[in-house]
Structure formats: C-alpha cells, structure tokens
S.K.: 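This is the structure I have questions about; it appears just below.
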Amino acid sequence: MEPIRIEKDATQPWDAVVIGSGIGGLVTASQLAVKGAKVLVLESYTIPGGSSGSFQREGYTFDVGASMIFGFGEKGYTNLLTRALADVGEHCDTLPDPAQLAYHLPGGLELAVDRKYEQFIADLTARFPHEAKGIRHFYDICWQVFNCLDAMPLLSIEDPTYLAKVFFKSPLACLGLARWLPVNVGDVARRHIKDPELLRFIDIECFCWSVMPADLTPMINAGMVFSDRHAGGINYPRGGVGVIAQKLVKGMQRHGGEIRYKARVTRVVLKDNRAVGVQLANGEIIHARRVISNATRWDTFSGEGSKQALVDAEHTPAAEQTWRRRYVPSPSFLSLHLGVRNEAIPANSHCHHLLLESWDEMESEQGVAFVSMPTLLDPSLAPEGHHIVHAFTPSSMQAWQDLSPATYNSKKQADADRLIRKLEKILPGLSQAIVHREVGTPRSHRRFLGRFQGSYGPIPSSRLPGLLTMPFNRTGLKGLYCVGDSCFPGQGLNAVAFSGFACSHLIGADLGINPWALPN
Ligand SMILES: NC(=O)c1ccc[n+]([C@@H]2O[C@H](COP(=O)([O-])OP(=O)(O)OC[C@H]3O[C@@H](n4cnc5c(N)ncnc54)[C@H](O)[C@@H]3O)[C@@H](O)[C@H]2O)c1
Ligand SMILES: CC(C)=CCC/C(C)=C/C=C/C(C)=C/C=C/C(C)=C/C=C/C=C(C)/C=C/C=C(C)/C=C/C=C(\C)CCC=C(C)C
C-alpha cells in the first residue's frame, strides 16, 4: 500500500497517539503508520505486547500470557496476524502445532484436538458414536461462519462506505455474518446434540478461550476458533509470542511511527468535549488529532471500581455505563512460569493441555488448569536440557485483596503448590524437576498489565444476543477511540488484531487517508 502523506498542523504534531502497546494498540498504530499517519505509541511498561509479550529470566524466554496463537494462516482474510505483519514488511517464522489442545476431562474424557479437521471429528465421534450426525452438523456450521469471515477483507463495520463495498463484493458472506451476529453457541449446539456429556464438552471447548460456557459465547467467535485451528492451524512464533509485538513495533517504526516505554498515560486531555491529547504520569502533555486507548474500557472510562480512569466521570459517555451493566470483568489468573528439567516432560507430549477434575468446577475459582509447554515446539526458549511449563488457572481479584503481605505470600506459594500437584496428573514428577519458579497472581496482572482487576477480559453479565451488543471502536467522546478486547469481537489475539484493523480503518476514514479500494 502506498503511504498517503497527511498535512501536519504544527500545534498538533501527532495524527494519532495510542495508549498501550498490546496487540490491539500495535495493529492500530502500525496500520495507521502504513496509511501515512504520524503515530506515537505510549506504553507504561518496559516491553511491548501487554499480555502477549515475552520476558527473559535466567536463559528462559517466558510468554506473559498468550500462548495458543490463532490467525497465523497463509490464506484467506482471517489470518490477521500474518496480514498485520506483512503490511509493515515483517514476517514471523512460525512452528505448526500438530494439535490445538489436549483435554483431560472428568469421566476419563481424554482428547487432543488434531490439526486435521477430519481426524478431530473422527476422534470425537469415536467417543460419542451415537452423536455422529450432531457432531458433524455442529462443527460444519462453525465452518460456515468461518467461511463467511474468511471471504471478505475485515475492516470497520462502523464505516458505511466499507459496508457498502464489502456487501457488493461478498453479499452472501455479509448476510451469513449478519445472521450469526446475534446467536450464541449453546443454542446451536443443543439443536444438534443431545448427549449431556458432549454438551459439557462443547462448554469447555468455549470456556478454554472465552472463559464462558457455550450459552454465553458468541457464535461468530466460535466459528473463528473452532475452524481456524484446522484452517490456518495453531502456530507458535519462533522465539516466543513476544516476537509478534517486537516485529509490529519494528515495522511501525520503519513507517515513521514511534514508541515510548515507561510512558504511563494518566489522563485523556479534553477540549470542548473532544479528545485532543494525553497527559503522562510525569505531567507531560502530548497533543494529537486522534487518541486511541488500548487500555480496557474500565481503565479508560470512570465508573464503579475504576479508581484512576483516563476520562473523568463528568465526561464519561452514558453508553459506557450501559456497557458496564452488560459486561463484567472475567476472573484474572494465578499463573506459574516454571523452568523444569527435561525428565518431567513425557516424550511426544502435546504443547497445550487443559485439566478439569469435575464438571462442577468449570467456572470455579482455580477450577480449570491450562498448561502450555512452548519448548516442545521451540527448544531455544530454554537452556539445553530444560523445558518451560507455563500454567495458569482462573482466579479472581477478590480472593487476593485485603491480605497482609505475609498472608498474601503464603497464599501465593500454597496455591502454586496445589496447582503443581494438579499438573502432576499429566506430568508425573514435575515438582521434583523444577529449577526456576515464578508465581503471578491477579495483583501481579493488574500491576504489570494495567488491566482492571487483572481481568482476562469482558464477559456478559447475563445472556446477551451474541456479538450484537459489543461496542465497536468509536466512543461517545469525539476524537477518542477504544481498541482491544473490550471492543468487538472481544478476547483473543486474532480478535484484538481485528479490532486494530477496524480501528485504524475507521480513523483512516475520519482523517480521509484510506485507500479507495478494498485490500486484496
Ligand atoms: N491466546 C492466549 O493464550 C491468550 C492468553 C492471554 C491473553 N490473551 C489475549 O491478549 C489480548 C489482550 O490484548 P489487548 O490488545 O486488549 O491489550 P493488552 O491488555 O494485552 O495490552 C494493553 C497494553 O496497554 C498498556 N497500558 C494500559 N494502560 C496504559 C496507560 N494508562 N498508559 C500506557 N500504557 C498502558 C499495558 O501496559 C499493556 O501493554 C486479550 O484479548 C487476550 O485474549 C491471549
Ligand atoms: C451488510 C450486512 C447485511 C451485514 C454486516 C455483517 C458483517 C459484515 C459482519 C461482520 C462481522 C465481522 C467482521 C466479525 C469479525 C469477527 C472476528 C474477527 C472474530 C475473531 C475472533 C477470534 C477469537 C474469539 C479468538 C480467540 C482466541 C482466544 C481467546 C484464545 C485463548 C486461548 C487461551 C486462553 C489458551 C488457553 C489454553 C491453554 C494454554 C491450554
């Protein structure tokens, strides 16, 4: 894409300032830079990527959070990470994961989701032969949704010009998506599947990425996840997940964009009810024509529980209170970053595992345990003879608040020990093989990621119509946009990458710098 240069106003040197360098913020910034906008990213931490960053310790490269990566395919339009990198002249070398995830579920339900769709269907059908038709119907419907998404350039559906063009280009795909927008997975699953255990399996299939059961999980997102794992597949970036953010930063800088670390924004500067810049913790004021917040909506706007929001209560749009009634923060995580001797990892292990001991514990505090061992794909992430075990389990801020330092520390170690004992079900001898151990709590996630209550992301407070009520990027304040997982379509790297494409397209339309033609 040829950059289109915009005229600069000397009093407003930046066309856009982006608060936060999560994948949502970086995709917005890099896409705007490619369009020719002068962009500045302000990141409060010392590295880019937010929950998709990586950090180094004693020869290990640990992923902060994200570990199972969608959107790295080579074909179609849903490979948004591949596309975001390519647009700024970058590429991530990726390692294909032969299975998305190995489930270890109650009642001896053991299943690894094979990269090959037909193999996955055969494996699930072998366990539930009486549901052969239902299984096929349900997952085939997910493909229909995915095929609609994959058939058209994914940009901002807030821009009527884009909607008209994309409808003209792919009318059936648009109508297909419009049909699935208000639908949740549970309704579709129950239409085709009757076996209660299989319906619980569909619940955990949703929970492992949406942290919600099927009834509360939007069908569009399920179409994306349940099909992309077989279409583009799950692919791990060589060198760690943080490489994605590092390369987006590099590509953005090559297109004239800039990033500043240790630059915490404390306030969006307003003039006549319009965002005109930001103020940093050191008091510095930076002016920009457009301000984009990659902080969560709870951290961006004032409301109950938001102590230091970027926009004060007086200027917070009423729509944000409606959003807070509809969506609540999901729990945060207790996370373990372990360096272990090789002998603890059985030969031919899968990279990602999920353990659940009782169905009743699916939504409980520290109920589901997730494990990721990226050194099985990329051994260079650990010293020779060692592996990484990155484990996490949902845990809410309430369980960690108001504790004395001593109680907090002993709870942290006791809960970590309990999680390690749970993992020994699939990794016997794990506790004896640990040589490096770091424990993160919801308080650590709040502190290092700047996320409200350390939350993984927003979840519906009640049953909502699919994605219909999820806000887009424009906010009720002129000049201020949101991007990231508290925007349509929600959590997930590929989802926040979409949010970044949409946000940069919308701002591009507002600034008049978008190319006329849709991308190929
Ligand atoms: N695939 C996986 O395994 C997995 C696991 C965990 C998280 N994730 C995904 O990662 C996604 C999060 O992406 P995101 O784009 O929403 O952002 P993010 O929360 O990852 O990053 C936001 C960034 O903004 C910075 N920030 C916040 N407030 C700031 C301020 N006031 N001033 C300066 N900087 C500030 C933070 O330091 C952080 O770097 C989630 O959707 C989640 O699903 C995926
Ligand atoms: C015109 C007319 C008529 C109409 C219109 C309509 C339309 C056009 C519409 C549109 C729509 C759209 C575009 C949409 C989009 C969507 C999307 C992109 C989506 C996406 C999604 C994604 C996702 C959800 C993802 C996710 C993921 C995740 C979250 C992951 C996670 C994971 C984890 C946590 C891991 C764990 C585990 C272990 C380790 C084991």
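Whatever order the structure lists ligands and atoms in, that order sets their numbers, starting from 1.
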S.K.: Provide the number and element of each atom of ligand 2 under 4.0 Å from a heavy atom of Met68.
M.R.: 37 (C), 38 (C)

S.K.: Counting heavy atoms only, which part of Thr296 comes closer than 4.0 Å to ligand 1: side chain, backbone, both or neither?
M.R.: neither

S.K.: Look only at interatomic distance and state if Gly490 has a nitrogen or oxygen under 3.5 Å from any nitrogen or oxygen of ligand 1.
M.R.: no

S.K.: Give yes or no for whether the N/O distance cutoff of 3.5 Å, strictly under, is met between Gly492 and ligand 1.
M.R.: yes

S.K.: If you have a sec, work out which protein heavy atom is nearest atom 33 (C) of ligand 2 and how many Å separate them, to one decimal?
M.R.: Cys208 O, 3.6 Å

S.K.: Would you mind telling me if ligand 1 is within reach of the side chain of Ser372, the backbone, both or neither, using heavy atoms under 4.0 Å?
M.R.: neither

S.K.: Using heavy-atom distances only, which candidate in Arg451, His352, Met68, His390 approaches atom 19 (O) of ligand 1 most closely?
M.R.: Arg451

S.K.: Charged N to carboxylate O under 4.0 angstrom, Asp299 versus Arg446?
M.R.: yes

S.K.: Taking the minimum heavy-atom distance to atom 40 (C) of ligand 1, which of Ile19, Ile23, Asp485 ranks first?
M.R.: Asp485

S.K.: Please work out whether any backbone atom (N, CA, C, O) or any side-chain heavy atom from C-beta onward of Trp209 is under 4.0 Å from ligand 2, and answer side chain, backbone, both or neither.
M.R.: both

S.K.: Has Asp63 got a side-chain atom pairing as donor or acceptor with Val241's backbone, closer than 3.5 angstrom?
M.R.: yes

S.K.: Taking ring pair (Phe, Tyr, Trp, His ring centres under 6.0 Å) as the definition, give me every residue that meets it alongside His353, ordered by chain and number, with sequence neighbours left out.
M.R.: His104

S.K.: For atom 9 (C) of ligand 2, find the nearest protein heavy atom and state the residue, atom name and distance (0.1 Å precision).
M.R.: Leu177 CB, 3.7 Å

S.K.: Please report whether ligand 1 has a polar contact with Gly484, defined as an N or O pair separated by less than 3.5 Å (distance criterion only).
M.R.: no

S.K.: Might you work through the side chain to side chain donor-acceptor pair (under 3.5 Å) test for Ser306 and Arg324, ending with a clear yes or no?
M.R.: CA-CA 11 Å; Ser306 299; Arg324 278 168 184 254; 2.6 Å; yes

S.K.: For atom 37 (C) of ligand 2, what's the nearest protein heavy atom and its distance?
M.R.: Phe370 CD2, 3.4 Å

S.K.: Do Glu205 and Tyr139 get their side chains close enough for a donor-acceptor pair, meaning under 3.5 Å?
M.R.: yes

S.K.: If I compare all heavy atoms of Asn235 with all of Pro96, which pair ends up nearest, and what's the gap?
M.R.: OD1-CA, 3.4 Å

S.K.: Side chain or backbone of Val371 under 4.0 Å from ligand 2, or both, or neither, by non-hydrogen atoms?
M.R.: backbone

S.K.: Which option out of Ala66, Ser486, Ala263 puts a heavy atom nearest to atom 6 (C) of ligand 1?
M.R.: Ala66

S.K.: Could you tell me, atom by atom, which parts of ligand 1 come under 4.0 Å of a heavy atom of Gly65?
M.R.: 5 (C), 6 (C)

S.K.: Just to be sure I read this right, does ligand 2 sit under 4.0 Å from the backbone of Leu493, its side chain, both, or neither, counting only heavy atoms?
M.R.: neither

S.K.: At less than 4.0 angstrom from any non-hydrogen atom of Leu154, what atoms of ligand 2 do you find?
M.R.: 13 (C)

S.K.: Give the atoms of ligand 2, by number and element, whose distance to some non-hydrogen atom of Val225 is under 4.0 Å.
M.R.: 23 (C), 24 (C), 25 (C), 26 (C)

S.K.: When you measure from atom 40 (C) of ligand 2 to every protein heavy atom, which one gives the shortest distance, and what is it?
M.R.: His353 O, 3.0 Å

S.K.: For the backbone of Arg297 and the side chain of Glu320, can you confirm whether one donor and one acceptor N or O come within less than 3.5 Å of each other?
M.R.: no

S.K.: Can you name the atoms of ligand 2, numbered from 1 with element, that are less than 4.0 Å from a heavy atom of Met224?
M.R.: 20 (C), 21 (C), 22 (C)

S.K.: Touching ligand 2 at all, His390? Heavy atoms, strictly under 4.0 Å?
M.R.: no

S.K.: Do any nitrogen or oxygen atoms of Leu310 lie less than 3.5 angstrom from nitrogen or oxygen atoms of ligand 1?
M.R.: no

S.K.: Show which atoms of ligand 1 fall inside a sub-4.0 Å distance from at least one heavy-atom site of Ser21.
M.R.: 23 (C), 24 (O)

S.K.: For ligand 2, which part of Ala66 has a heavy atom less than 4.0 Å away: the side chain, the backbone, both, or neither?
M.R.: neither

S.K.: In terms of side-chain heavy atoms, does Glu43 have a donor or acceptor partner in Ser21 at a distance below 3.5 Å?
M.R.: yes

S.K.: So, for Trp323 and Phe301, is the gap between ring centers shorter than 6.0 Å?
M.R.: no

S.K.: Keeping Ser227 on the side-chain end and Met224 on the backbone end, is there a donor-acceptor pair under 3.5 Å?
M.R.: no

S.K.: With only distance considered, is Glu43 within less than 3.5 Å of ligand 1 through an N or O on each side?
M.R.: yes

S.K.: What are the atoms of ligand 2, with element, lying closer than 4.0 Å to any heavy atom of Leu101?
M.R.: 40 (C)

S.K.: Just to check, does Ser499 reach to within less than 4.0 Å of ligand 1 when the distance is taken from its heavy atoms?
M.R.: no

S.K.: Would you kindly specify which portion of Asp299 sits under 4.0 Å from ligand 1, judged on non-hydrogen atoms: side chain, backbone, both or neither?
M.R.: neither

S.K.: Hey, looking at atom 10 (O) of ligand 1, which of Gly50, Ser455, Gly20, Ser51 has the closest heavy atom?
M.R.: Ser51

S.K.: Can any side-chain N or O of Gln453 pair as donor or acceptor with the backbone N or O of Ser396 at less than 3.5 Å?
M.R.: no

S.K.: Among all protein heavy atoms, pick out the one at the shortest distance from atom 15 (C) of ligand 2; state its residue, atom name and that distance to 0.1 Å.
M.R.: Leu149 CD2, 3.4 Å

S.K.: Report, in ascending order of atom number, the atoms of ligand 2 lying under 4.0 Å from any heavy atom of Ile220.
M.R.: 16 (C)

S.K.: Can a donor-acceptor pair be found between the side chains of His505 and Asp159 at a distance below 3.5 Å?
M.R.: yes

S.K.: Between the main-chain N or O of Gln100 and the side-chain N or O of Arg229, is there a donor-acceptor pair closer than 3.5 Å?
M.R.: no

S.K.: Treating Asn184 as the side-chain partner and Asp215 as the backbone partner, does any N or O pair qualify as donor plus acceptor under 3.5 Å?
M.R.: yes

S.K.: Taking 4.0 angstrom as the limit and counting only heavy atoms of Gly24, give me the atoms of ligand 1 inside it, by number and element.
M.R.: 15 (O)

S.K.: What I want to know is whether Ser67 and ligand 1 share at least one N or O pair that is separated by under 3.5 angstrom.
M.R.: yes

S.K.: Once the angle between the rings of Trp143 and Tyr117 is folded into 0 to 90°, is it parallel (under 30°), tilted (30 to 60°) or perpendicular (over 60°)?
M.R.: perpendicular

S.K.: Does the residue Trp209 have a heavy-atom contact with ligand 1, meaning some pair of atoms that are separated by less than 4.0 Å?
M.R.: no

S.K.: Which atoms of ligand 2 sit under 4.0 Å from any heavy atom of Gly492?
M.R.: 26 (C), 27 (C), 28 (C), 29 (C)

S.K.: When you check the side-chain N and O atoms of Ser51 and His445, is any donor under 3.5 Å from an acceptor?
M.R.: no

S.K.: What's the shortest distance from atom 8 (C) of ligand 2 to any protein heavy atom, and which residue and atom give it?
M.R.: Met152 CE, 3.5 Å

S.K.: Please enumerate all residues that pass ring pair (Phe, Tyr, Trp, His ring centres under 6.0 Å) together with Phe501, with sequence neighbours excluded.
M.R.: none

S.K.: Are Tyr327 and Thr469 linked by a side-chain donor-acceptor pair shorter than 3.5 Å?
M.R.: yes

S.K.: Are Phe55 and His337 near enough that their ring centres are under 6.0 Å apart?
M.R.: yes

S.K.: Polar contacts were defined as any N/O atom of the residue lying under 3.5 Å from an N/O atom of the ligand; does this apply to Arg264 and ligand 1?
M.R.: no

S.K.: Report the member of Ala495, Ala391, Pro489 with the shortest heavy-atom distance to atom 19 (C) of ligand 2.
M.R.: Pro489

S.K.: Identify the protein heavy atom lying closest to atom 6 (C) of ligand 2, giving its residue, its atom name and the separation to 0.1 Å.
M.R.: Cys174 O, 3.8 Å

S.K.: Can you list the ligand 1 atoms lying under 4.0 Å from a non-hydrogen atom of Ala295?
M.R.: 28 (N)

S.K.: Show which atoms of ligand 2 fall inside a sub-4.0 Å distance from at least one heavy-atom site of Gln491.
M.R.: 23 (C), 24 (C), 25 (C), 26 (C), 29 (C)

